[in-house]
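Accompanying notes for the structure given below.
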Number of protein chains: 2
Amino acid sequence: MTPSARGDLFDPACPTRRLLDRIGTKWTSMTVKILAEAAPDEVRFANLRRRIPGVSQKMLSVTLQSLVRDGLVTRRVEDTVPPRVHYRLTALGTSLESALAVLRTWAEEHMAEVDEANQKSER
Amino acid sequence: MTPSARGDLFDPACPTRRLLDRIGTKWTSMTVKILAEAAPDEVRFANLRRRIPGVSQKMLSVTLQSLVRDGLVTRRVEDTVPPRVHYRLTALGTSLESALAVLRTWAEEHMAEVDEANQKSER
DNA sequence: CGGAATCCCAATCGATACTG
DNA sequence: CAGTATCGATTGGGATTCCG
């Protein structure tokens, strides 16, 4: 875990890589997107799960915990039985969504070209 | 190959995830950034390696191959002994860099807040 | 010089089962 | 309902060695 080696002097200075480590995990960008679409409303766990095709209960839980720890999402528990848990983007999370939207646009406009390049390489 | 497998019906429609799978790999964004700064000039392998602290020979090689396959980077070999290999961003790669720059700006402006949120959670 | 091949470890992720 | 715990398969990526 901790790079005990003192050789690692440059890494901590690169915020971009650390950001990509977070939003690059499989379900993060989709989760942020859905929360952004709902904002400023909250979204319940089960609702979120339904809207993210293929996500497992565990991975959604892990993803949300990570987003909460990073200050991008708030978590609110209704103390009922059974409990209801509501998630919502913070202001910080909303600002990240704006940046992510740019990436999404690029992907929608250009990933076809990337695929085309790959097909040409395969032969 | 077509994944005619039944379960996989939703994935191909999500270009954003596929993009993040690529640029999310450890050395890709740094590589693109350096090539973008040098553009329209080419950059040699060893030069690139020097400018990316911590990257191994293998990982830089793998990263570049991937970028070339995706049509984001060109590779030019000077047929000398020893050979010289030059890399440069394509137009597609340059357009991706523009999108990445937005993410970089967000990271530089806001990752400190993310770190702060993490420290509060730790206690 | 710029790789390719191999080995190996660590992290990611999915499936399943259990809990308050 | 919304998690937590555990296991195993897969993948990313580092170190090392060899090659044209």
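In what follows, chains are A, B, ... by sequence order, proteins preceding strands, each numbered from 1. In this text the structure is predicted, and so the values were computed from the model without any measurement.
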Check this one for me: any side-chain N or O of [X] less than 4.0 Å away from OP1 or OP2 of [N]?
X	N	result
Arg49(B)	dG3(C)	no
Thr80(B)	dC1(C)	no
Tyr87(B)	dG3(C)	yes
Arg84(B)	dG2(C)	no
Gln65(B)	dA4(C)	yes

So, does the side chain of Lys58(A) form a donor-acceptor pair with the base of dG14(C) at under 3.5 Å?
-> yes

Any donor and acceptor pair, going by atom type alone, linking the side chain of Thr74(A) with main-chain N or O of Thr90(A) inside 3.5 Å?
-> no

Ser66(A) side chain to Val62(A) main-chain N or O, any donor-acceptor pair under 3.5 Å?
-> no

On DNA chain C, check which nucleotide each of Gln57(A) and Phe45(B) is closest to and give me the residue with the more 5' one.
-> Phe45(B)

Between [options], which nucleotide has the shortest distance from any of its atoms to the side chain of [X]?
X	options	result
Pro83(B)	dG14(D), dC1(C), dG3(C)	dC1(C)
Thr25(B)	dG14(D), dG13(D), dG3(C)	dG13(D)
Ala46(B)	dG13(D), dG14(C), dG2(C)	dG2(C)

Is any side-chain heavy atom of Val73(B) closer than 4.5 Å to a side-chain heavy atom of Arg75(B)?
-> no

Per nearest nucleotide of DNA chain D, the residue lying toward the 5' end, Pro82(B) or Val55(B), is Val55(B)

